[in-house]
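Just follow the structure's listing: the first ligand is 1, and inside any ligand the first atom is 1. Just so it is clear, the structure is predicted and the values come from calculations on it, not from any experiment.
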Amino acid sequence: MKVILLGAGKLGKQLYKSFVNNQTIDLIQWYNRSETNLISPEGIALTNSLDAIEKADLYILAVSDDVISSISKKLPTDVLLIHTAGSVSIDVIKSHKRRGVWYPIQSFNDQQEIDFSEVTFGIETNKLSDKQLIYDLTKSIEAKPIDINSEQREKLHLAAVIVNNFINHLFTQASLFCEDNELSFDLLRPLIRETFNKIDKISPEEAQSGPAIRNDKNTLKRHLELIKNPVLKKVYTTLTTSIQKLLT
Ligand SMILES: NC(=O)c1ccc[n+]([C@@H]2O[C@H](COP(=O)([O-])OP(=O)(O)OC[C@H]3O[C@@H](n4cnc5c(N)ncnc54)[C@H](OP(=O)(O)O)[C@@H]3O)[C@@H](O)[C@H]2O)c1
């Protein structure tokens, strides 16, 4: 299958790496607005011009959510076009009769290479006949495909934001708190690892421990006294209330 990848951000770069030496996927071109982000020692044609986009079987948009629609309108319309966003409806690219979504339920960054065999892709196509092609694409990078429509995908993306972005933000807040109090964040790493290991074995509700669920009032009061940052104080209070509400 002849494929053109558009986007060289966090997701685009990782897709590029998994496509480039793939036996099934014939990556014929890689587009990105800024040419400097396109690194191609493998001899794939590169372009930063949408006018220079070639003919292919499949076009994959791995660009910022807000530009999916505008970029789609500059591409040939008689081709299969898919985007990769969790919260963007399939109909945002409705200028394309053959359209789809290929949403990886994973977080990508430039520092760590993702093992796609651990990634599930939520798939939606408006034509049944195109679904198999996207399933084949998914399997060719050893990832897992599942069917999910735009409505459910949007909700899944919201849950993904909570488990990934919010938890990561809590790590950041804890790290800043440690720094302010001359403590090493490294002391918490085994606890963080154990927190994630547990989630593979038991439900999140069963894994919960700590002063909020025990309703240790003195400890909760003392913690709030120790927090100087008003935003963190609010986060602490909101999460404590949320944990305790599940008990009632
Ligand atoms: N990262 C993740 O963890 C993740 C997970 C699942 C799904 N996704 C989806 O994957 C897509 C890409 O996300 P990302 O995290 O890779 O984003 P990113 O790292 O912020 O990269 C954004 C990409 O969009 C391009 N872009 C932005 N504005 C543009 C414009 N006006 N014209 C042309 N190109 C433009 C950027 O080009 P320049 O390099 O020129 O700025 C870059 O290639 C999004 O739809 C996102 O929802 C991401």
*What residue and atom, counting heavy atoms only, is the protein's closest point to atom 46 (C) of ligand 1, and at what distance?*
Asp65 OD1, 3.4 Å
*Do the non-hydrogen side-chain atoms of Leu80 and Ile134 ever get within less than 4.5 Å of each other?*
yes
*Report yes or no: do Tyr236 and His223 form a side-chain donor-acceptor pair below 3.5 Å?*
yes
*asked:* Can you confirm whether some protein heavy atom lies under 4.0 Å from atom 13 (O) of ligand 1, or whether none does?
replied: no
_Atom indices of ligand 1, in the order listed, that fall short of 4.0 Å to a heavy atom of Gly7_ = 43 (O)
*With heavy atoms under 4.0 Å as the rule, classify the contact between Ala8 and ligand 1 as side chain, backbone, both or neither.*
backbone
_Tell me whether Arg98 is salt-bridged to Asp57, with the criterion being a basic N under 4.0 Å from an acidic carboxylate O._
no
*Side chain, backbone, both or neither: which part of Leu11 has a heavy atom under 4.0 Å from ligand 1?*
both
*For atom 38 (P) of ligand 1, what is the nearest protein heavy atom, given as residue, atom name and distance?*
Ser34 OG, 3.4 Å
*May I ask you to identify the nearest protein heavy atom to atom 21 (O) of ligand 1, giving residue, atom name and distance to one decimal place in Å?*
Gly9 CA, 3.3 Å
*Between His157 and Tyr103, how do the two ring planes meet: parallel, tilted or perpendicular, split at 30° and 60°?*
perpendicular
*atom 24 (O) of ligand 1: the protein heavy-atom neighbour that sits closest, reported with distance to 0.1 Å*: Ser64 N, 3.1 Å
*Mind checking whether Phe171 and Phe196 have parallel, tilted or perpendicular rings, split at 30° and 60°?*
perpendicular
*To the nearest 0.1 Å, how far is atom 20 (O) of ligand 1 from its closest protein heavy atom, and which atom is that?*
Lys10 NZ, 3.8 Å
*What do you reckon, is NZ of Lys144 surrounded by more than 12 foreign heavy atoms closer than 6.0 Å?*
yes
*Atom CD of Glu194 with >12 non-hydrogen neighbours under 6.0 angstrom*: yes
*For Ser107, take its heavy atoms, then give the atoms of ligand 1 lying under 4.0 Å from any of them.*
3 (O)
*With heavy atoms only and a cut-off of under 4.0 Å, state how Tyr31 meets ligand 1: side chain, backbone, both or neither.*
side chain
*Considering heavy atoms of the protein only, find what lies nearest to atom 11 (C) of ligand 1 and give residue, atom and distance to 0.1 Å.*
Val63 O, 3.4 Å
*asked:* Looking only at protein heavy atoms, which one is nearest to atom 1 (N) of ligand 1, and what is the separation?
replied: Phe108 O, 3.6 Å
*Can you pull out the closest protein heavy atom to atom 37 (O) of ligand 1? Residue, atom name and distance to 0.1 Å, please.*
Asn32 OD1, 3.4 Å
*Any idea which of Lys74, His83, Arg33 brings a heavy atom closest to atom 34 (N) of ligand 1?*
Arg33
*Any ion pair linking Asp186 and Arg189 (charged N to carboxylate O, less than 4.0 Å)?*
yes
*Between Ala62 and ligand 1, which part of the residue brings a heavy atom under 4.0 Å of the ligand: side chain, backbone, both or neither?*
backbone
*salt bridge (charged side-chain N to carboxylate O under 4.0 Å, His left out) between Arg99 and Asp91, worked out*: CA-CA 8 Å; Arg99 55 187 177 274; Asp91 288 333; 3.3 Å; yes
*Within a radius of less than 6.0 Å around CG of Asp78, do more than 12 heavy atoms belonging to other residues, nucleotides or ligands occur?*
yes
*May I ask you to list the atoms of ligand 1 that are less than 4.0 angstrom from any heavy atom of Gln106?*
3 (O), 5 (C), 6 (C)
*Select one of side chain, backbone, both or neither to describe which atoms of Thr84 lie under 4.0 Å from any atom of ligand 1, heavy atoms only.*
both
*Using a heavy-atom cut-off of under 4.0 Å, does the side chain or the backbone of Leu61 touch ligand 1, or both, or neither?*
neither
_Is it the case that over 12 heavy atoms from other parts of the model lie below 6.0 angstrom from the CD atom of Gln112?_
no
*asked:* With heavy-atom distances below 4.5 Å as the criterion, would you say the side chains of Glu124 and Ile148 are in contact?
replied: no
